[in-house]
Amino acid sequence: MPSIPFIDLQSQRARISGEIDAAIARVLDHGQFILGPEVTEFEQALKAFENAKAVVACANGTDAIVLSLKALGIGSGDAVFCPSYTYTATAEAIVLVGATPVFVDIVPETYGMCSRSLTVAIKDVLKGDLKPKAVIAVDLFGHPADYEALSAVSDSYDLSLISDNAQSIGSRINGKSTAEYADIATTSFFPAKPLGCYGDGGAILLKDDGLVAKLRSLAFHGRGAEAFDHDKIGCNSRLDTVQAAVLLEKLKIFKDEITERNHVADRYAQQLSGVIKAVPYVKDGCTSTWAQYAIEVDDRDAFLAYMRGQNLPVAAYYPRPVHEQTAYTDFPVVSSGLQETNRVKLFAAALPMHAYLSQTDQDIICAAVRGFYQA
Ligand SMILES: Cc1ncc(COP(=O)(O)O)c(C=O)c1O
């Protein structure tokens, strides 16, 4: 086991174990394990934190995308644009509703969706039989995508814009959350995410509340207004009350944790600039939640082996973009190509990143990175 954790949930637990244990005990006492009061309380707290118009909690971040697409009426014959350089779930959700993912390239600075590539992909689709319906931008590694550019393109083609915020809830663009830019933002509370629970969880954040009733119905088997009637095909996707109780406590320290993550990122930047090719880029006015601290290393395999040899945890990201994965090779790729995606997949390597990474541990990690470059 590496002595420095890649993501340190135990230090966070040590900080708020009393509060979390008490919150879970309250749920065990009242016994409303499904849709208990903590779920609504958490939805309200997250809504305020992200300045969203409404929040609908659900079972995980993948369902959050599926439910959003269903609520928008997207299905067979529809094209949804997404990056290939993302976790598989972004594209998987599109396929699960019967629509077709169209893979778009990213920009080299933030690894967010490229608006020029998106425009080309939309024009490609307009030449064929699919109907362009929505764009899913991913805020990769915690940095928000360029929503000003992406919404200009989406608006001009009348497409819905979804922010897959699974890695970046709490990130900001000029002080605003991505839920204030995109029509819908979806997120995941998978334990390793910046805001994680103690199991699976997810949420949909809305810029306007017109879809709330439909989303709640879809997440509850499509139940209708009349008792015993289900007026749409839905699914079972609810945030467990216990997880909502955990998240309520974690949300109270989340702002502070984001600040700490940014201190860690600043320290990495100070110690590694001039050593590595470039330290991760943060766009002016943006705040990242640093779900990953990913650097680009020419000889990544040797780097990963060297760091692991020093008992330091590191990870390659994403060596196999979605368009190259077996189940996804038949889906369309933008005609101008995925140059950046195919470049970054070879070089991106993530270093340990969490709010509790001490100066001492970071010094050890940075010394090892320097050691690799000097070897
Ligand atoms: C970008 C992205 N989208 C979607 C998801 C799916 O979230 P979940 O695992 O909660 O379904 C993840 C999480 O792994 C993710 O990183």
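Counting starts at 1 for both ligands and their atoms, following the listed order.
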Using a strict threshold of under 4.0 Å (side-chain N to carboxylate O), is an ion pair present between Lys277 and Asp298? yes
Parallel, tilted or perpendicular, judged at 30° and 60°: which one describes the rings of Tyr328 and Phe331? tilted
Taking the ring centre of each residue, are Tyr317 and Phe141 less than 6.0 Å apart? yes
Aromatic centroids of Phe42 and Phe189 separated by under 6.0 Å: yes
Output, or 'none' if empty, a list of ligand 1-protein atom pairs in which both atoms are N or O and the distance is under 3.5 Å, rounded to 0.1 Å.
unit_1, atom_1, unit_2, atom_2, d
ligand 1, 3 (N), Asp164, OD1, 3.2
ligand 1, 3 (N), Asp164, OD2, 2.7
ligand 1, 7 (O), Ser188, OG, 3.4
ligand 1, 10 (O), Gly61, N, 2.8
ligand 1, 10 (O), Ser188, OG, 2.7
ligand 1, 11 (O), Gly61, N, 3.3
ligand 1, 11 (O), Thr62, N, 2.9
ligand 1, 11 (O), Thr62, OG1, 2.5
ligand 1, 14 (O), Lys193, NZ, 3.0
ligand 1, 16 (O), Gln167, NE2, 3.0
ligand 1, 16 (O), Lys193, NZ, 2.9

Is the ring pair Tyr85/Tyr318 parallel, tilted or perpendicular, if the boundaries are 30 and 60 degrees? perpendicular
Spell out, as yes or no, whether a donor-acceptor pair under 3.5 Å connects the side chain of Thr289 to the backbone of Gln167. yes
